[in-house]
Protein chains: 2
Amino acid sequence: MERDTATAIFEALSSGVRLDVCWLLVRKGAEGMVAGDLATALNVLPSNLSFHLKALTQAGLVTGSQEGRFQRYRANTALMMDLVAYLAAECCPDNPGDADRVQPAIALTSP
Amino acid sequence: MERDTATAIFEALSSGVRLDVCWLLVRKGAEGMVAGDLATALNVLPSNLSFHLKALTQAGLVTGSQEGRFQRYRANTALMMDLVAYLAAECCPDNPGDADRVQPAIALTSP
DNA sequence: TCGATTTTTCAATAACTATTGAAACAATGG
DNA sequence: CCATTGTTTCAATAGTTATTGAAAAATCGA
């Protein structure tokens with residue numbers, strides 16, 4: 001993962017509302033959630049949620065698809081896992097340069 | 001890790017300069033780096049670097065210690081690994097609720 | 001088609017962030 | 001004690017971000 005991609009994703013995750021959206025959508029899996037239900041569940045104004053969903057979409061963390069007059073959003077778990085791998089690789093003190101060796105960094109947190 | 005802690009860390013990592021600082025300090029390990037050397041290595045004005053180091057310190061990602069008239073900074077790799085564990089736990093679609101099962105999320109990126 | 005529903009866009013505002021150069025502060029060495 | 005070195009603070013500026021309510025756009029059901 002490139003540095004600018006990483007910073008864009010981190011910026012997208014730097015808001016409580018957006019973090020809530022992401023983790024809620026992750027838990028919903030392939031089913032995802034419709035914008036209105038997300039707004040209700042998170043107690044956020046629809047216009048404000050739309051603002052945050054746009055940011056998350058531009059970062060690639062969620063995708064939206066139209067269903068009639070509803071807009072369904074789903075988490076991009078593949079990108080999220082890419083981020084985990086990137087972070088693990090960079091945080092591993094004896095960094096190998098890419099994300100091939102993520103195990104050691106994880107092992108230290110859950111031996 | 002609590003949500004507000006996570007958002008604070010993500011915000012700290014949402015700048016290219018701060019990301020560079022973090023990964024450079026991680027690679028330096030316990031030796032760390034002096035502020036001036038960091039500024040030179042990253043080609044950033046000292047006053048600007050100080051601004052970013054302050055942000056990273058407040059987020060807990062780096063620590064500073066005085067050495068004579070130098071200020072040495074080191075990465076807080078423990079917190080970084082906590083973040084990896086948090087992310088992995090939240091991104092794992094069948095989220096167990098905490099960071100105990102990070103392996104499955106990793107395995108998908110490097111089978 | 002008409003009215004209702006869902007979502008996005010827009011405008012206005014307030015607050016925050018990054019950058020720069022100058023000044024201030026702190027510590028050292030002569 | 002003074003000049004120098006390293007770092008931080010400050011002020012000014014420009015750009016960005018979050019929030020709200022109103023309006024607009026899109027879709028559906030009757």
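- As rounded to whole Å, 15 Å separates atom C1' of C:dT6 from atom CE of A:M33.
- A side chain to side chain contact (heavy atoms under 4.5 Å, CB included) with B:W23 is found for exactly one of B:L19, B:L25, B:D20, B:V21, namely B:L19.
- Closest approach to the B:A35 side chain among C:dT9, D:dT7, C:dT7 is made by D:dT7 (side chain taken as heavy atoms from C-beta onward).
- Pairs engaging residues 48-68 of chain B under the salt bridge (Lys or Arg N to Asp or Glu O under 4.0 Å) rule: B:E67-B:R72, B:E67-B:R74 [sequence neighbours left out].
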Any chance you could list the contact pattern along nucleotides 18-30 of chain D? Use B for base contacts, S for sugar-phosphate-only contacts and - for none, protein heavy atoms under 4.0 Å, 5' to 3'. BBBBB----BB--
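- In this entry the distance linking NZ of B:K54 with C1' of D:dC10 reads 10 Å, nearest Å.
- Listed pair A:Y73 / C:dT6 fails the phosphate criterion, with no side-chain N or O lying under 4.0 Å from OP1 or OP2.
- Rounded to an integer number of Å, the gap from CD of A:Q71 to C1' of C:dT7 is 8 Å.
- Looking only at side-chain heavy atoms (C-beta outward), B:T7 and A:S15 stay at 4.5 Å or farther from each other.
- B:L53 places its CG atom 13 Å from the P atom of C:dA18, with the value rounded to the nearest Å.
- No side-chain heavy atom of A:E90 sits under 4.5 Å from any side-chain heavy atom of B:V26.
- Following chains of ILVMFWY side-chain contacts shorter than 4.5 Å, one cannot reach A:F51 starting from A:V62, and the two form parts of different hydrophobic clusters.
- Taken together through direct or relayed side-chain contacts under 4.5 Å among Ile, Leu, Val, Met, Phe, Trp and Tyr, B:M1 and A:I9 form part of one hydrophobic cluster.
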